[in-house]
Amino acid sequence: ILFTGKDVGNILRDLEIYSTVKIKDEPDSTGFISSDKTSEEWHTVAFQWTLGQNCNPTDPSCGLQSYSFNAIGQDVVVASFDAQIPGYVLGDFDDLIIEPHSLNFKYGAFLNFVIEKLVLPELAGNGDDGTPPVDSYEKFFGSLLGGGPECLVYNDCCAIFAAEIVTQSGLSWLQSVLQSGCDVLIPLGAQYLRNFLMGLDADTGDTFTIGTPENLPCNLYDIHGNHEIDKMGQENPDELRCHWDVLLKLGSTDVLFDAEWWGIRQQ
């Protein structure tokens with residue numbers, strides 16, 4: 001459980017989100033790039049899940065997994081932004097300021113995906129022993145009450161639970177009541193947890209807002225000297241990456257954190 005918790009903590013701190021950013025035109029005479037000339041499409045999330053992996057967990061490639069946004073219950077995020085190259089009028093092409101803008105990244109849906117599809121199988125059974133994988137709250141509650149994931153084979157977890165209580169108590173009339181109650185409460189409890197996490201993204205306005213930090217523009221690299229952006233920041237973590245100021249709203253709570261990023265010209 002400790003290692004599972006550590007892995008979940010790493011996922012929440014160190015996840016990577018991949019996007020395609022397009023700058024469709026040159027800046028104006030002041031170095032300003034308006035939002036109608038930019039676009040970004042955030043489409044993939046990647047993170048490390050090292051638990052149970054036969055590799056060194058300190059290796060960045062150990063347990064690296066990536067999923068499309070659609071796989072985690074999140075639509076591809078499309079947005080645009082205003083940007084400024086502050087030294088443009090003086091002939092400098094070194095820095096880029098991206099104004100804060102909103103991304104509809106559903107963090108609650110991502111948390112729910114991590115818990116149901118990664119944490120629960122590691123805690124209660126991932127199917128390696130031939131039993132069904134415990135990859136939902138319904139299966140998790142059922143396996144707890146039915147004595148393990150074996151009851152998921154015939155979906156008789158509640159029947160096993162009721163029979164066990166009757167055996168211990170001798171009150172045979174309880175069996176149908178207990179089984180019916182179990183059959184009702186498992187989906188209700190599962191849906192409550194799922195809705196709680198999904199609800200973190202609801203009714204919060206701009207849930208996920210990013211922009212370059214004040215007084216810390218992103219370094220641009222014009223490798224060929226032709227006034228075209230070839231790189232934004234450096235991929236190597238020992239060099240100067242660009243930074244995001246990120247505002248994440250979870251329910252009524254505002255969470256502020258710093259994130260690193262870089263970009264490489266594709267065409």
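The shortest heavy-atom contact between Val21 and Ser19 is CG2-OG, 3.8 Å. When all heavy atoms of Phe140 and Ser143 are compared, the closest pair comes out as O-OG, 2.9 Å. Here the closest heavy-atom approach between residue Val89 and residue Thr30 is recorded as CG1-CA, 3.7 Å. Nearest heavy atoms, Val246 versus Ile210: CG2-CG2, 3.9 Å. Residues Asp82 and Ser35 approach most closely at OD1-N, 2.7 Å, considering heavy atoms. Between Asn215 and Pro217, the closest heavy-atom pair is C-CD, 3.6 Å.
A donor-acceptor pair under 3.5 Å is formed between the side chain of Asp230 and the backbone N or O of Ile223. A donor-acceptor distance shorter than 3.5 angstrom exists from the side chain of Thr38 to the backbone of Phe81, with no hydrogens or angles considered. Put simply, the side chain of Glu116 never gets that close to the backbone of Val114: no donor and acceptor are under 3.5 Å apart.
Atoms CG and CG, from Asp258 and Leu216 in turn, are 8.0 Å apart once rounded to the nearest 0.5 Å. If you take NE2 on His43 and CG on Asp75, they are separated by 14.5 Å, rounding to the nearest 0.5 Å. Atom NZ of Lys24 is separated from atom CG of Asp36 by 8.0 Å, given to the nearest 0.5 angstrom. Separation of atoms CG (Leu193) and CD1 (Ile115) is listed at 8.0 Å; rounding is to 0.5 Å. Atoms CZ and SG, from Arg241 and Cys218 in turn, are 12.0 Å apart once rounded to the nearest 0.5 Å. A distance of 8.0 Å separates CE of Met198 from CG of Asn195, quoted to the nearest 0.5 Å.
There is a side-chain donor-acceptor pair under 3.5 Å between Thr58 and Asn56.
In this structure, the side chains of Thr212 and Cys242 stay at 4.5 Å or more apart for every pair of heavy atoms. Glu40 has its side chain within reach of Leu103: a pair of non-hydrogen atoms, C-beta onward, lies under 4.5 Å apart. In this structure, Leu185 and Phe141 have side chains that are not in contact, with every pair of non-hydrogen atoms separated by 4.5 Å or more. Between Val177 and Gln175, the closest side-chain pair of non-hydrogen atoms is not below 4.5 Å. Taking 4.5 Å as the limit, every side-chain heavy atom of Asn236 sits out of range of all side-chain heavy atoms of Trp262. With contacts defined as side-chain heavy-atom distances shorter than 4.5 Å, the pair Leu247/Asp254 qualifies. You'll find the side chain of Leu152 stays beyond 4.5 Å of the side chain of Thr131, heavy atoms only. In this structure, Cys62 and Gln48 have side chains that are in contact, with non-hydrogen atoms separated by less than 4.5 Å.
Using a 30° and 60° split on the angle between ring planes, Phe93 and Tyr88 fall in the tilted class, from 30° to 60°. The aromatic rings of His101 and Trp244 sit perpendicular to each other, their planes meeting at more than 60°, with 30° as the lower class boundary. Ring orientation note: the planes of Tyr107 and Phe110 are tilted relative to one another, at an angle of 30° to 60°.
Between Cys182 and Cys157, the gamma sulfurs sit at a distance of 2.5 angstrom or greater.
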Verdict with supporting geometry, Phe161 and Cys151, side-chain contact (heavy atoms from CB on, under 4.5 Å) = CA-CA 10 Å; Phe161 165 72; Cys151 70; over 6 Å; no

Stepwise, does the side-chain contact (heavy atoms from CB on, under 4.5 Å) test hold for Leu118 with Gln65?
-> CA-CA 11 Å; Leu118 295 175; Gln65 301 186 33; 4.1 Å; yes

Walk me through it: do Val119 and Trp49 pass the test side-chain contact (heavy atoms from CB on, under 4.5 Å)?
-> CA-CA 10 Å; Val119 176; Trp49 180 256; 4.1 Å; yes

Determine, stepwise, if the pair Gln74 / Phe105 fulfils side-chain contact (heavy atoms from CB on, under 4.5 Å).
-> CA-CA 7 Å; Gln74 160 77 64; Phe105 175 51; 3.6 Å; yes

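Note on Leu174 and Ile186: same hydrophobic cluster, where clusters join Ile, Leu, Val, Met, Phe, Trp and Tyr whose side-chain heavy atoms are under 4.5 Å apart, directly or indirectly. If you chain together hydrophobic residues whose side chains sit under 4.5 Å apart, Val255 and Phe196 fall into the same group. Placement of Tyr221 and Ile97 in two distinct hydrophobic clusters is found when ILVMFWY residues are connected by side-chain heavy-atom separations under 4.5 Å, directly or transitively. Using a 4.5 Å cut-off between side-chain heavy atoms of Ile, Leu, Val, Met, Phe, Trp and Tyr, with links allowed through other members, Leu188 and Leu144 fall into different hydrophobic clusters. In the hydrophobic clustering of this structure, Val77 groups with Phe113; members are Ile, Leu, Val, Met, Phe, Trp, Tyr whose side-chain heavy atoms approach within less than 4.5 Å, directly or through other members.
Counting heavy atoms of neighbouring residues, nucleotides and ligands inside a 6.0 Å radius, atom OH of Tyr192 does not exceed 12 of them. Residue Glu239 places its CD atom among more than 12 non-hydrogen atoms of other residues, nucleotides or ligands, all under 6.0 Å distant.
Under the side chain to side chain contact (heavy atoms under 4.5 Å, CB included) test applied with Met232, the options Ile98, Leu220, Asn219 reduce to a single match, Leu220.
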